[in-house]
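Here's the structure we're looking at; comments come further down.
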Amino acid sequence: MPPRAGKCRLALDPVGTPDDSDGVTARASRLRPARRRRARREVAPAWAEAARILGAFLLVALALRTFVVMPRSIPSESMMPALVPGDYVAVAKWPYGWSRFSPPLALPWPHGRLAGALPARGDVVVFRAPGGGGDYIKRVIGLPGDTVAMRAGRLVLDGRVVPRAATADFVLPLGRDEGCRGIALPPYGRIVAHGHATCRLPRFVETLPGGRRYAVIDQGWSMGDDMATVTVPAGRLFVLGDNRDLSEDSRFPVSAGGVGLVPAENVEGRAGHILFSTAAGLAGLRPSRVGRAAG
């Protein structure tokens with residue numbers, strides 16, 4: 001007796017024919033997990049590649065920030081007229097070598113510098129403030145072995161008064177809501193004329209031994225105008241702000257709000273040129289300041 005067609009079909013084709021709805025459902029259920037696995041395999045390499053690219057970018061940025069250059073914003077008036085609030089300056093990391101303060105966060109490395117060199121008198125440097133403070137920017141005045149004093153607002157270096165000559169007033173355009181922090185009497189301070197506000201301050205040019213020249217602001221008497229002679233010890237630097245009456249610098253100890261004599265290893269780099277400059281109340285950049293040397 002010939003076999004029944006139904007039994008033969010089921011024995012030879014367990015997954016069913018195209019007309020077998022039960023077989024189609026079973027086959028689709030087996031294919032769905034495979035498709036999901038293939039989709040996961042396609043998505044995973046894309047995420048992994050993005051993570052690798054991002055990681056490489058961050059490593060390059062960290063290396064540049066640590067060893068080559070970093071940007072720094074100027075938050076205060078202490079370095080006027082060279083630098084004003086709102087300036088962004090490029091800080092070169094290689095001129096003095098590298099220390100544990102070169103990365104964004106200080107590392108527990110040994111003290112000292114790799115390929116270290118002292119700044120020159122007159123250099124404008126960024127450094128980590130002693131006592132756990134943040135970053136400061138000041139001008140190097142005294143090197144190890146130098147004696148530094150202040151007499152009635154005049155800088156005395158190695159027993160000699162540093163030459164100083166009056167020059168044109170410093171005038172900075174201000175936004176509507178910007179002030180002019182100072183102690184000078186009129187006609188200095190915040191001046192409004194013809195609907196425009198400016199900050200006008202008395203400016204002088206100092207000349208260090210060796211001929212390095214830079215501008216300073218001296219608005220009158222302040223607590224830092226007189227300071228007894230100090231000798232800069234080995235491994236330390238004496239720094240001043242160019243705005244002499246509004247700067248917390250080496251004239252004041254850390255306990256009094258200053259920075260004291262700064263360890264050379266705390267120096268992070270030398271300020272170069274202004275990248276761009278913005279001001280509250282003014283639209284866009286201060287174009288006239290872009291590209292100026294910080295020192």
Fill in: Donor-acceptor under 3.5 Å (W98 side chain, F67 main chain)
yes
Discussion item. Please say yes or no: joined through hydrophobic side-chain contacts below 4.5 Å, possibly via intermediate residues, are I53 and V60 part of one cluster?
Written reply: no
Fill in: Residues forming a side chain to side chain donor-acceptor pair (under 3.5 Å) with D87, sequence neighbours excluded
S277, R289
Worksheet item: Taking 4.0 angstrom as the limit, do E77 and R181 come out as a salt bridge?
Response: yes
Worksheet entry | ring-ring contact (aromatic ring centres under 6.0 Å, His included) pairs, two or more places apart, involving residues 209-262 | none
Response to the item:
Nearest heavy-atom contact between A279 and R286 is CB-NH2, 2.9 Å
Worksheet item: Looking at N266, T231, L261, which one forms a side-chain contact (heavy atoms from CB on, under 4.5 Å) with R236?
Response: L261
Discussion item. Just so I know, are the side chains of P85 and S76 near enough to count as touching, which here means a heavy-atom distance under 4.5 Å?
Written reply: no
Quick one: side chains of residues 194-203, donor-acceptor pairs under 3.5 Å with protein atoms, not counting sequence neighbours, listed by atom name and distance.
from, atom 1, to, atom 2, distance (Å)
R203, NE, A168, O, 2.9
R203, NH2, A168, O, 3.3
R203, NH2, D169, O, 3.2

Fill in: Closest non-hydrogen atom pair, L172 against M80
CD2-SD, 4.4 Å
Practice prompt. Spell out, yes or no, whether L58 and L64 are grouped together once hydrophobic residues are joined by side-chain heavy atoms under 4.5 Å, including indirect joins.
Written response: no
Worksheet item: Hydrophobic clusters join Ile, Leu, Val, Met, Phe, Trp and Tyr when side-chain heavy atoms are under 4.5 Å apart, directly or via other members; which others share one with V126?
Response: M70, I74, M79, L83, V89, V91, V124, I137, I274
Worksheet item: Is there a donor-acceptor pair closer than 3.5 Å between any side-chain N or O of R139 and the backbone N or O of G241?
Response: no
Item to complete: For residues 118-132, pull every pair meeting salt bridge (Lys or Arg N to Asp or Glu O under 4.0 Å), keeping only residues two or more places apart or in separate chains.
Response: R121-D146, D123-R212, R128-D135, R128-E268
Worksheet, complete the sentence: Members sharing L246's hydrophobic cluster, built from side-chain contacts under 4.5 Å between Ile, Leu, Val, Met, Phe, Trp and Tyr, are none
Worksheet item: What's the shortest heavy-atom distance between P263 and P130, and which atoms?
Response: CD-CG, 3.7 Å
Worksheet item: Heavy atoms, side chains only, cut-off 4.5 Å: are D249 and R244 in contact?
Response: no
Fill in: Single-linkage hydrophobic cluster, 4.5 Å side-chain cutoff, L240 and V84 together
no
Discussion item. Nearest 0.5 angstrom please: D245 CG to D218 CG, how far?
Written reply: 5.0 Å
Worksheet item: Quick one: side chain to side chain contact (heavy atoms under 4.5 Å, CB included) partners of P163, sequence neighbours excluded?
Response: none
Worksheet item: Quick check: does any side chain N or O of E248 sit under 3.5 Å from a backbone N or O of G258, one acting as donor and the other as acceptor?
Response: no
Worksheet item: Quick one: salt bridge (Lys or Arg N to Asp or Glu O under 4.0 Å) pairs with a partner in residues 182-191, sequence neighbours left out?
Response: none
Exercise answer: donor-acceptor pairs, residues 148-161 side-chain atoms, under 3.5 Å, sequence neighbours excluded:
from, atom 1, to, atom 2, distance (Å)
R154, NH2, V162, O, 3.2
D158, OD1, T147, N, 2.9

Worksheet item: In the hydrophobic clustering that connects Ile, Leu, Val, Met, Phe, Trp and Tyr at side-chain heavy-atom distances below 4.5 Å, which members other than I191 occupy its cluster, ordered by chain and number?
Response: none
Worksheet, complete the sentence: Interatomic distance, CZ@R100 vs CZ@R113, rounded to 0.5 Å, equals 11.0 Å
Worksheet item: Closest approach of A294 and A82, non-hydrogen atoms and distance?
Response: O-CB, 3.3 Å
Practice prompt. Taking side chain to side chain contact (heavy atoms under 4.5 Å, CB included) as the test, write out the residues that go with S73, two or more places apart.
Written response: Y88
Worksheet item: Under the 4.5 Å side-chain heavy-atom rule for ILVMFWY, direct or indirect, which residues accompany Y136?
Response: Y96, L118, V125, F127, V140, L143, L237, V239, V259, V262, V267
Discussion item. Testing the 3.5 Å rule here: is there a donor-acceptor pair between the side chains of K138 and S247?
Written reply: yes
Discussion item. Nearest 0.5 angstrom please: I141 CD1 to R251 CZ, how far?
Written reply: 10.0 Å
